Amino acid sequence: MSERFVLGVIGGSGLYALDGLEDVRKTRVETPWGAPSGPLLRARLEGLDLVFLPRHGEGHAVSPSAINYRANIDALKRAGVTDILSLSACGSLQEHLAPGHFVVVDQYVDRTFAREKSFFGAGCVAHVAMADPVCARLSGLAADAAEAAGVAQVHRGGTYLAMEGPQFSTRAESALYRSWGLDVIGMTNMPEAKLAREAELPYASVCMVTDYDCWRAPDADVAIAEILEVMAANTHHAHAMLKSLARALSGQARTPSPQGIERALDHAIITPPSHRDPVLIAKLDAVAGRVLRP
Ligand SMILES: CSC[C@H]1O[C@H](OP(=O)(O)O)[C@H](O)[C@@H]1O
Ligand SMILES: Nc1ncnc2[nH]cnc12
């Protein structure tokens, strides 16, 4: 029997619901890491099974640092998703990445510092590879879908600076990130992408540019009102992109990711069974059961 795609969709700022869903079921779940941002919405879109989770919760009540990223990824894994698509608002650090453009990022610089970043730790240490942090196959399909949806410009690849927030950057920080050659900035894709990799789930992120951060004009500031205005326009394209992606995924059998992401833990756990903490091992049942089950 061939495997089907089951897409986990993590909706960012401005994306708290999805259009065109059928057979919607809302389920409230708990995980060993605590509660996710809100209930999971299981549904079908264009024949595709998907599970939707608004990252900041219904009503955007959870700030980037307070998001329980571990619970979100664990809950999606338990729900049986095979791949995760993140949708995010972001600031642009480059002139050619204008508001309204979509950037399907392929690299990250993680400058967050106040978040739980791993499922592993004392009693079971693991080091997964993050050299190529996103799934190239899902990223490519998402970029195709964004183009089909009529997005002004879709950029395939780009480096995302993950900042702690919730305040936006100072001009000095924004200039520094530009001097590093980075492309977009946001507050949420890390540790999300790292945790998805630990959970052996292929992850792709479509970043929707809402502003030029504060580097472009000496008196320009980032303002939520402007971001939300651009986001409202982006949202229409995000819904159309998702429909197109759903059509593409539901029309094909799923094969394992060519990057071997579903086997990311094969050689990652360094703590031998004799030194593992049974309490942590029990919590890892969904994320790492494949390699930890005797
Ligand atoms: C509302 S602007 C700042 C906010 O938007 C982005 O969140 P998300 O990635 O969930 O769309 C950004 O990272 C900040 O958290
Ligand atoms: N300029 C910016 N900085 C950080 N996160 C953002 N999300 C949207 N715009 C942003």
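In each ligand, atom 1 is the first atom listed, and ligand 1 is the first ligand listed. Note that this is a predicted model, so its numbers are computed, not measured.
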Subject >> Close-contact set for ligand 1 against Gly12 heavy atoms, below 4.0 Å >> reply: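 Counting from 1, the qualifying ligand atoms are 8 (P), 10 (O), 11 (O).
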
Original post:
Applying a strict 4.0 Å limit to heavy atoms, is Gly165 in contact with ligand 1?
Top reply: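 The answer is no: ligand 1 sits nowhere under 4.0 Å from a heavy atom of Gly165.
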
Original post:
Nearest protein heavy atom to atom 4 (C) of ligand 1, by residue and atom, and its distance?
Top reply: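 So the nearest neighbour among protein heavy atoms is Ser13 OG, 3.4 Å.
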
Original post:
Mind checking whether Asn189 has an N or O less than 3.5 Å away from an N or O of ligand 1?
Top reply: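 Among all N and O atoms of Asn189, none is under 3.5 Å from an N or O of ligand 1.
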
Subject >> Closest protein heavy atom (residue, atom, distance) for atom 13 (O) of ligand 1 >> reply: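 Sorting protein heavy atoms by distance from atom 13 (O) of ligand 1 puts Met187 N, 2.6 Å first.
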
Original post:
How are the rings of Trp180 and Tyr177 set to each other: parallel, tilted or perpendicular (split at 30° and 60°)?
Top reply: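 Answer is tilted, since the angle falls between 30° and 60°.
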
Subject >> Atom indices of ligand 1 within 4.0 angstrom of Gly186 heavy atoms, with elements >> reply: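 Once the distances to Gly186 are compared, the set is 13 (O).
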
Subject >> Electrostatic pair Asp285:Arg78 at N-O distance under 4.0 angstrom >> reply: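 Arg78 and Asp285: salt-bridged.
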
Original post:
Can Asp266 and Arg290 be counted as an ion pair, charged N to O under 4.0 angstrom?
Top reply: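 Looking at Arg290 together with Asp266, the answer is yes, because their closest N to O distance falls below 4.0 Å.
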
Original post:
Tell me, do Asp110 and Met130 make a side-chain contact under 4.5 Å, heavy atoms counted?
Top reply: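 Not touching, per the 4.5 Å side-chain cut-off.
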
Subject >> Backbone N/O of Leu182 and side chain of Tyr160: donor-acceptor pair under 3.5 Å >> reply: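 Here the side-chain-to-backbone pair does not exist.
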
**OP:** List the closest protein heavy-atom neighbour of atom 9 (O) of ligand 1: residue, atom name, distance to the nearest 0.1 Å.
**Re:**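 Protein heavy atom with the smallest distance to atom 9 (O) of ligand 1: Thr188 OG1, 2.5 Å.
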
**OP:** Return yes if some donor-acceptor pair links the side-chain N/O of Gln259 with the main-chain N/O of Ala136 below 3.5 Å, else return no.
**Re:**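 Answer holds: yes.
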
**OP:** Assign the ring pair His155 / His96 to parallel, tilted or perpendicular, where the plane angle (0 to 90°) is split at 30° and 60°.
**Re:**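 Answer is perpendicular, since the angle exceeds 60°.
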
Original post:
With a cut-off of 4.0 Å, which atoms of ligand 1 are near a heavy atom of Ile224?
Top reply: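 Listed by number with element: 1 (C), 2 (S).
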
Original post:
So does His267 have more than 12 non-hydrogen atoms from other groups sitting under 6.0 Å from NE2?
Top reply: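 Open: at most 12 neighbouring heavy atoms sit under 6.0 Å from NE2 of His267.
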
Pairs under 3.5 Å, nitrogen or oxygen of ligand 2 with protein nitrogen or oxygen:
{"residue": "ligand 2", "atom": "1 (N)", "partner": "Asp211", "partner atom": "OD2", "Å": "2.8"}
{"residue": "ligand 2", "atom": "1 (N)", "partner": "Asp213", "partner atom": "OD1", "Å": "2.8"}
{"residue": "ligand 2", "atom": "9 (N)", "partner": "Gly91", "partner atom": "N", "Å": "3.3"}
{"residue": "ligand 2", "atom": "9 (N)", "partner": "Asp211", "partner atom": "OD1", "Å": "2.7"}

**OP:** Check Ala162 against Met190 and note the closest heavy-atom contact, atom names and distance.
**Re:**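 Looking at all heavy atoms of both residues, the shortest contact is CB-CB, 3.6 Å.
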
Original post:
Do any N/O atoms on His60 end up under 3.5 angstrom from N/O atoms on ligand 1?
Top reply: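 For ligand 1, there is no N or O atom that lies under 3.5 Å from one belonging to His60.
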
Original post:
Does CD in Glu226 sit with more than 12 non-hydrogen atoms of other residues, nucleotides or ligands closer than 6.0 Å?
Top reply: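 Counting neighbours around CD of Glu226, 12 or fewer heavy atoms of other residues, nucleotides or ligands fall under 6.0 Å, so no.
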
Original post:
atom 15 (O) of ligand 1: which protein heavy atom is closest, and how many Å away?
Top reply: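 Here the nearest protein heavy atom works out to Pro64 CG, 3.2 Å.
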
**OP:** Give the residue and atom name of whichever protein heavy atom lies nearest to atom 10 (O) of ligand 1, and the separation in Å to one decimal.
**Re:**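 So the nearest neighbour among protein heavy atoms is His56 NE2, 2.6 Å.
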
Subject >> Phe119 ring center near Trp33 ring center (under 6.0 Å) >> reply: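 Phe119 vs Trp33: aromatic centres under 6.0 Å.
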
